[in-house]
**Q** 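I'd like to ask some things about the structure below.
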Amino acid sequence: MFSYVNGSYIDYKDAKVHIEDRGYQFADGVYEVFAVINKKIVDYDGHLNRLYRSLNEISLKSPIVKDAYLFHCRNLIRKNKIKDGLIYLQISRGVAQRDFKFPINIKPSLVITAKNVSMESYNSKFNTGIKVKTTEDLRWKRVDIKTLNLLPPVLAKQKAVNNGCDEAWMVDDDGYITEGSSSNAWILINDKLITTPATTSILKGITRTSLIKALKKKKIKLIEKKFGKKDIKNANEAYITSATQFVMPVVKVDNIKIGNGKVGKYAYIFKDAYMEAIQLK
Ligand code: PDD
């Protein structure tokens, strides 16, 4: 297995960054996760554009030219023999003696890893659906930027796992679900799909954008509005979306059974529509 680290392809077990990397000390950096299906990158342009937006929002310059990202991602797919799987790409502000303010004249660190994840594992999870636990949204006010600052979602996900669930749905101070710890959240009520609007309170998922595009084609009604626990009680179906989960049905939220507690018919329609709408590069 190879990883890309600051200009070189290095054996995964030897791949290292410096102890004073600002990603390590301050979570001062941004990242992207791309899915790979059949050796091709899913919605590459959407993810890369979001990466550049994230860089811009934290005043960080890309260490390489824009076109080079695709070259390195494809190289890792080839070198690591990825068929279906994930690419993780991280840029931190770089290495300098610890100091809160931006250091002058340092080069950002770029790390890319790629691994296989079987489609069977996704499909079998899809067929049973997942369980969700609601948790408090403890994050900062700019979660629309995909930064390395992930302690609150890490703690939320662990709370979900400790309660026998697969994902956490984070709840804001007004009782609305913002999103999953690493996914966007959706419910279906009376054939209408509802998802939280893309403000600074959620990450605007690339999977979310592709699903919305797919729904428009199928003329399925989508409402972008906040929803809370009492809406979940009325939901016939529910889902999460992310680069790692695509469209994944939710069958239980806390002690609320969604619909009849089984994967609903729209889950298949949405998954198929999403798979048709994605771009592969
Ligand atoms: N997370 N919301 C949050 C908080 C996320 O971390 C993610 C993705 C999403 C979905 O975004 P997308 O559809 O572009 O993957 C929404 C990635 C997968 C992760 O951190 O592993």
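Counting starts at 1 for both ligands and their atoms, in listed order.
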**Q** If you count only heavy atoms, which residues are under 4.0 Å from ligand 1?
**A**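 These residues qualify: Y31, V33, H47, R50, R139, K146, E179, G180, S181, S182, S183, N184, L203, G205, I206, T207, T241, S242, A243, T244.
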
**Q** Distance under 6.0 Å and angle within 45° of the ring axis: does K79 meet both against F2?
**A**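 Pair K79/F2 counts as cation-pi.
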
**Q** Under a 3.5 Å cutoff, is there a donor and acceptor pairing between the side chains of Y9 and N75?
**A**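 The answer is yes; a qualifying pair exists.
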
**Q** Around atom OH of Y176, are there more than 12 heavy atoms from other residues, nucleotides or ligands closer than 6.0 Å?
**A**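 No, OH of Y176 has 12 or fewer neighbouring heavy atoms, counting only those of other groups under 6.0 Å.
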
**Q** For Y12, is the OH atom crowded, meaning more than 12 foreign heavy atoms sit under 6.0 Å from it?
**A**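 At most 12 heavy atoms, drawn from other residues, nucleotides or ligands, come within 6.0 Å of this atom.
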
**Q** Quick one: does any side-chain atom of D254 pair with a main-chain N or O of I256 as donor and acceptor, under 3.5 Å?
**A**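 Looks like no, no N/O pair under 3.5 Å.
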
**Q** Just one of Y69, F71, F34 clears the ring pair (Phe, Tyr, Trp, His ring centres under 6.0 Å) bar with Y44, so which one?
**A**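 Among the candidates, only F34 passes.
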
